[in-house]
Structure formats: structure tokens, C-alpha cells
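All values below come from the heavy atoms of this structure, side chains included, with hydrogens, waters and symmetry mates left out. Start at 1 and go down the list; that is how both ligands and their atoms are numbered.
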Amino acid sequence: MAKDSLSVTDNRTGKQYEMPIENGCVKAIDFRKIKTSDQDFGLMSYDPAFLNTANCKSAITFIDGDAGILEYRGYPIDQLAEKSTHLEVSYLVMNGELPNKAQLEEFTTKITHHTYVHENIKSFMDGFRYDAHPMSMLASTVAGLSSFYPEAKNVKNREVRRAQMMRLIAKMPTLAAFSYRHSQGLPYVYPNNDLGYTENFLTMVKSIGKPNWRPHPALVKALDLLFILHADHEQNCSTTATRVVGSSEVDPYSAVAAGITALYGPLHGGANEAVLRMLREIGDVKNVPEFITRVKGGDGTKLMGFGHRVYKNYDPRAKVIKKACEEVFEVTGKNPALEIAVELERIALQDEYFVKRKLYPNVDFYSGLIYEAMGFSADFFTNLFAIPRTVGWVSQWEEMITDDEQKIARPRQVFTGKRKRDYLPIDKR
Ligand code: CMC
């Protein structure tokens, strides 16, 4: 009869073990009882980069990478992208259910109430060099927020926790906008609490000299849609960083700052910036075949915006963004790099190298084109990813903090270095 368990024979000792299988997993700690002697530490699993290790149970985001499915709390991403708003999705991600009208109003009011940052934050910003990368500024100022809210250390108190989560979601656009203004040498624009989340952000970034200036509604809608697509993505690198750092029970500002620094990297959120630089380097549609040959040649050149650890199919977010490109370009005019991107995708999707490795466009392949058309410089793209991902980070952080099965994260290692040696005085070495 079928049993939900795994039988293992240790060929070193001939001993047999049975391990329960739950949710398609065996517990790595169950391997520990497999020993060659009483002194033996026990068997471990070796899994660099967590290729096959579940680090938590989570009820927030579901991905089926082979089928190209992404759902937040059970709602398919394409439905949310078409019908919802980023703040409504944020409520959903944080609380598990879509809000009713009163709940959404209350949530929106609370977020709006927290958009301002302490005036001293501006002094931090001013301390950065004129050409400081906005992601570096964002990570540092978010970490700095922890010094303004010392009560945030009380991570076991739900009320305190929720207040910081709301603050982080509310302040992230303000900090991102300030970092942009600094890098452009422009004065900071304070939040306007009469405006919606995304409109307020665009106004803080773009307005100059005209207090009543407002961004084009089509661009507000497109950016809000991009925010929805980026709200959460289960256990990616930055979310794992947030969870791991947060598992020490440090305050959420410090944990989220770790998430931001992880997102900064070109293999993660920094890929949208890298895509734009790649498209610029290619320069013309006629150079696409030569570039593809270079990628396949193994000199380390990657087709940025392609491939994903989890998706082995078209990233469902990339599909929505490709469509949104058209709506944005109607307002902004076509981004000339679009033609190069479309040609890269066309060739890659029929080339054996990419087909065999199941490399498809990911969320970053087209998002940079929209951001650039909206007038953002490439070094700001990752900030545009960090703003919406904040709700994912804080929700995953809270899920971890309230999970009785979690402890401080502390992986094991396979030691490959030298063992006990006697110290030699410097003149004897
Ligand atoms: N261009 C060319 N070859 C690639 C690419 C690419 N973009 N991505 C993977 N490969 C090759 C890789 O060289 C390897 O080939 P081989 O089997 O011959 O050694 C094979 O495909 C498997 O790749 P991998 O590096 O083992 O896959 P991974 O799961 O470790 O990496 C990835 C995933 C996203 C880091 C990688 O695909 C990549 O570097 N992509 C480009 C950067 C990018 O677009 N990142 C954004 C990810 S989506 C947004 C986010 O989550 O932040």
C-alpha cells in the first residue's frame, strides 16, 4: 500500500530509515539520525543557493514555474493587474483577503498618513555624493529609519509590527523620490496627501516649479500596474535576505534594508537596469544575431532579462508588461529600444540554446523600456522595483516572525579548509 514516507538504506552501515513525507518534502533534520557511529554528527543535505530547499511554509504567493502561473493569496496576477490597484493588492498581500470598501478606505488613509519622513532624513540624503546610486541611498536611509522608531524592536507585538509595516509601505516612495531628486540635483518635493499612492510618488519625482503639476493619468495607471506585478514573488533572493536577517529578531527597517541591498544586484532587481544597458550596447536590430551568438559563445555574456530560477516558461508578469508597453508608448512615444527587445525575444525563443535551457523573458525584460519611456534614468529602475516589493518583504517578514516553526536562520557548512595547526611567529613563516 502507498505510504507518505521515504525509505532510505545507508549503504555505509546497511541500516534502514523511514522518513515521513509532508507537503512533498522530507525534513532535512530527519537525515541527522542517519549516522555511521554514535560520534558521527549525522547526515546533512548540501544545497548551495537553496536549489531544492524549502525554507518556510508560506500562504502568500503561489508560483508554478513550469506552467507560468503566479497568484497572490490565490488571485491570478493577470486579474489583479487588470482590475485592482497597488494599495488594494498591498492590503490583500498583507491580510490574506481583498478589502471591502471601508477597509480599503481605512488602509489608504493610514498609508497616506505615514508618507512623510523625519526632516533629518534629508540631511542623510544631502550627505551622499552628487552621483550616488539611488539604490544605495534607499538601502541606507531605510536602515536609518530604525533609529527613528526604537519601538520597532518589539517585533513580537502585533500592533507595533503593523505600524512599522504601514510606515515602510508609506515611506518607501518618499525615500525613493528623495534619492532620485538628490541624484538629479533637484530640490526634494514633499508628499501631497490629496493624491493617490502612485500619483503622489510620480509627482514627488517629476514636478518642478509648478505646484499643481500632475503626471499623465495613463502613466500613473501603468506604473500602478507595474507596482502590482512586483508586489511579491515568494522566496526570491531579497525576500529570503529579509527573512534571514529578520529571523535574528532585529527591527523590520533593518531587515528590509537587507532585502533592498539584495535586490540591488544585477541578477535580481538590478536586471532591469542591466537590460537597458544591454539594449543600448546592441544599438540596432541588425546587431541582434551577433549579440545572440556572443551569448551562446560562453564568454559569460548573458541575455539580461531572460531566464529565471523558478519560471521555466514565459514569466506571466512579462506578458502583462509587454501589453502595457503599448499603452505607455501611446503617451510617451515609442521607445526605440523596443524594436531591439522584440527582435531579441523573437530570435531567442526559437534558438535551440534558449529553448533547451527553458530561458524565457522575465519581468525585467520589458519593464525598463517603460521606465525609460516615462523619463526615468536607468539607475533608478531598481528603486521602482523596491517600492512595490516592500509589501512583499514586510508580509513575508511578519509571516516568519509569527511562525512557531521558525528560528534564527543558521545554515550548516561543509568544511573544506585546513585543520588544527600550530601558530608560527612571523619571522618563521
Ligand atoms: N542568458 C544566457 N544564458 C543563460 C541565462 C541568460 N540570461 N540565464 C541562464 N542561462 C544559462 C546558464 O548559463 C546555464 O547554462 P549551462 O547549463 O550551459 O551552464 C543555464 O542557462 C541555467 O542557468 P543557471 O544560471 O543555472 O540558472 P539560475 O536559476 O541559477 O539563474 C538567473 C537564474 C535569473 C540568475 C539567470 O537566468 C540570469 O542570470 N538571468 C539574467 C539576469 C536576470 O534577468 N535576472 C532577473 C531575474 S527575474 C527578476 C527577479 O527575480 O529579480
Asks: As a test of reading the model: which N/O atoms of the protein lie under 3.5 Å from N/O atoms of ligand 1, and at what distance?
Replies:
| residue | atom | partner | partner atom | Å |
| --- | --- | --- | --- | --- |
| ligand 1 | 1 (N) | L303 | N | 3.0 |
| ligand 1 | 3 (N) | Y353 | OH | 3.1 |
| ligand 1 | 7 (N) | L303 | O | 2.7 |
| ligand 1 | 7 (N) | F306 | O | 2.9 |
| ligand 1 | 15 (O) | R357 | NE | 3.2 |
| ligand 1 | 18 (O) | R357 | NE | 3.1 |
| ligand 1 | 18 (O) | R357 | NH2 | 2.9 |
| ligand 1 | 29 (O) | R309 | NE | 2.7 |
| ligand 1 | 30 (O) | R309 | NH2 | 2.9 |
| ligand 1 | 39 (O) | K302 | NZ | 2.6 |
| ligand 1 | 40 (N) | F306 | O | 3.0 |
| ligand 1 | 44 (O) | G305 | N | 2.8 |
| ligand 1 | 44 (O) | N362 | ND2 | 2.9 |
| ligand 1 | 45 (N) | L267 | O | 3.1 |
| ligand 1 | 52 (O) | H268 | O | 3.2 |
| ligand 1 | 52 (O) | H268 | ND1 | 2.5 |

Asks: Restricting to salt bridge (charged side-chain N to carboxylate O under 4.0 Å, His left out), what partner residues turn up for D4, sequence neighbours left out?
Replies: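 D4 satisfies salt bridge (charged side-chain N to carboxylate O under 4.0 Å, His left out) with no other residue.
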Asks: Considering the options N383, V391, I260, which one meets the side-chain contact (heavy atoms from CB on, under 4.5 Å) requirement together with M172?
Replies: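 One option only clears the test, and that one is I260.
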Asks: Got a salt bridge between K57 and D403, using NZ or NE/NH1/NH2 to carboxylate O under 4.0 Å?
Replies: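 Here K57 does not pair with D403 in a salt bridge, since their nearest N and O are not under 4.0 Å apart.
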Asks: Sequence neighbours left out, what passes ring pair (Phe, Tyr, Trp, His ring centres under 6.0 Å) with F365? Give chain and number order.
Replies: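 If we apply the ring pair (Phe, Tyr, Trp, His ring centres under 6.0 Å) test to F365, skipping adjacent residues, the hits are F306.
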Asks: Check each of T115, T112, V117 against P191 using the side-chain contact (heavy atoms from CB on, under 4.5 Å) test, and report the only one that passes.
Replies: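 Result: among T115, T112, V117, T115 is the only option passing the side-chain contact (heavy atoms from CB on, under 4.5 Å) with P191.
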Asks: List the residues meeting salt bridge (charged side-chain N to carboxylate O under 4.0 Å, His left out) with E71, not counting sequence neighbours, and say none if there are none.
Replies: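 For E71 there are no salt bridge (charged side-chain N to carboxylate O under 4.0 Å, His left out) partners, ignoring immediate neighbours.
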